Amino acid sequence: MARRKKIYEGKAKILYEGPEPGTIVQHFKDDATAFNAEKKAVIEGKGVLNNRLSEFFMTGLGQIGVPTHFIKRLNMREQLVRSVEIVPLEIIVRNYAAGTMSKRLGIEEGTQLPRPIVEYCYKDDKLGDPLVTEEHIAAFGWASQQDMDDILSLALRVNDFLSGVMLAVGIRLVDFKIEVGRVYDGDFQRLIVADEISPDSCRLWDIETGQKLDKDVFRRDLGSLTDAYTEVAQRLGVMPRNQQGVTKPTLIN
Ligand code: 5GP
């Protein structure tokens, strides 16, 4: 069997060259990291859950006309995606104060924001993904004004979609991070949602109890991360209710 060509290995995923030009195989690892990889663990089953949950969110976005890189899930840990030129920004949308916004501005976690607030961080692990303004983005050429308009529109559409999907299963979408990538269609280029959308990159709180169902469970040592992600998957109908644990999860479809 021929060895696949690895393109990139990150903290939570490995990218391999895909079977067709312009495609990539995205492999979800069980590795969990936090605080810029100062805290690390291997959490069995996390990759399987994130692969399936990202498929669920990306497919839903596609169905409402939000373009994403997702093509199809290949197996438990891998999905086929379009190859993109990643814009070097983390795009964060916040509906409630939490995390770094609460720390930075002294706003109590859980405070509802007057409207969704979009923040941009420059993607650079060595610098700890610093918060940047549109001035930095324009001046350093990371994205054009047209790109920024498109990014804002994508981010808000993803926010509306994810907020609604989560609300329907009793979960509050506190905030999330997306990444976008550039694709070229002939003479045109456009931006699409890339990377992943999963509980690794969102804050998800149970509406009734406030229980955290996202990566803060790992960041803040609040219990079992796979139990939290399994709960999200089960509520969304991605995993059957009667199944406990995710060492060898059976996925619906
Ligand atoms: P905060 O800025 O409060 O740490 O994060 C805001 C939101 O963006 C949270 O949902 C968090 O999970 C997500 N986020 C921010 N930076 C990263 C990152 O580097 N990786 C991932 N997976 N999510 C991030």
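Both counts, for ligands and for their atoms, begin at 1 and track the order of listing. Since this is a predicted model, take the numbers as computed values, not measurements.
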Can you tell me which portion of [X] lies within the under-4.0 Å heavy-atom range of ligand 1? Options are side chain, backbone, both, or neither.
{"X": "Glu90", "answer": "side chain"}
{"X": "Asp129", "answer": "side chain"}
{"X": "Ala12", "answer": "neither"}

Mind checking whether Tyr122 and Trp142 have parallel, tilted or perpendicular rings, split at 30° and 60°?
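Parallel: the ring planes of Tyr122 and Trp142 meet at under 30°.
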Do the rings of Phe140 and His136 sit parallel, tilted or perpendicular, given the 30° and 60° boundaries?
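It falls in the parallel class, under 30°.
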Out of all atoms in ligand 1, which are within 4.0 Å of some heavy atom of [X]? Include the element for each.
{"X": "Asp200", "answer": "12 (O), 21 (C), 22 (N), 23 (N)"}
{"X": "Gly99", "answer": "3 (O)"}
{"X": "Ser201", "answer": "10 (O), 12 (O), 13 (C), 22 (N), 23 (N)"}
{"X": "Arg203", "answer": "1 (P), 3 (O), 4 (O), 5 (O), 6 (C), 9 (C), 10 (O)"}

For [atom], what is the nearest protein heavy atom, given as residue, atom name and distance?
{"atom": "atom 15 (C) of ligand 1", "answer": "Ile92 CD1, 4.0 Å"}
{"atom": "atom 12 (O) of ligand 1", "answer": "Arg219 NH2, 2.9 Å"}
{"atom": "atom 13 (C) of ligand 1", "answer": "Lys177 CB, 3.5 Å"}
{"atom": "atom 2 (O) of ligand 1", "answer": "Thr100 OG1, 2.5 Å"}

Can you check whether Gly170's main-chain N or O pairs, donor with acceptor, with Arg235's side chain at less than 3.5 Å?
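A pair under 3.5 Å: yes.
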Under 4.5 Å between side-chain heavy atoms, counting indirect links through other Ile/Leu/Val/Met/Phe/Trp/Tyr residues: same cluster for Phe57 and Val84 or not?
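No; tracing contacts between hydrophobic side chains, which count when under 4.5 Å, never links both residues.
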Under a 4.5 Å side-chain heavy-atom rule over Ile, Leu, Val, Met, Phe, Trp and Tyr, are Val87 and Leu131 clustered together?
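Looking at the clustering, Leu131 is in a separate group from Val87.
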Polar contacts were defined as any N/O atom of the residue lying under 3.5 Å from an N/O atom of the ligand; does this apply to Lys11 and ligand 1?
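Between Lys11 and ligand 1 (N or O atoms, distance only) the closest approach is not under 3.5 Å.
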Short N/O distance, under 3.5 Å, between Asp175 and ligand 1?
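Indeed, backbone or side chain, Asp175 has an N or O that close.
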Compute both the distance and the angle, then confirm whether Arg77 meets the cation-pi test with Phe28: under 6.0 Å from the six-membered ring centre, within 45 degrees of the axis.
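Arg77 over Phe28 ring: no.
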Lys39 NZ/CZ over Phe218 ring centroid, <6.0 Å and within 45° of normal:
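Ring-cation test returns yes.
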Are side-chain N/O atoms of Tyr229 and Asp214 paired as donor and acceptor at under 3.5 Å?
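Looking only at side-chain atoms, Asp214 and Tyr229 do not form any donor-acceptor pair under 3.5 Å.
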Salt bridge check, Arg220 against Glu109: does any charged N sit closer than 4.0 Å to a carboxylate O?
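So Glu109 pairs with Arg220 through a salt bridge.
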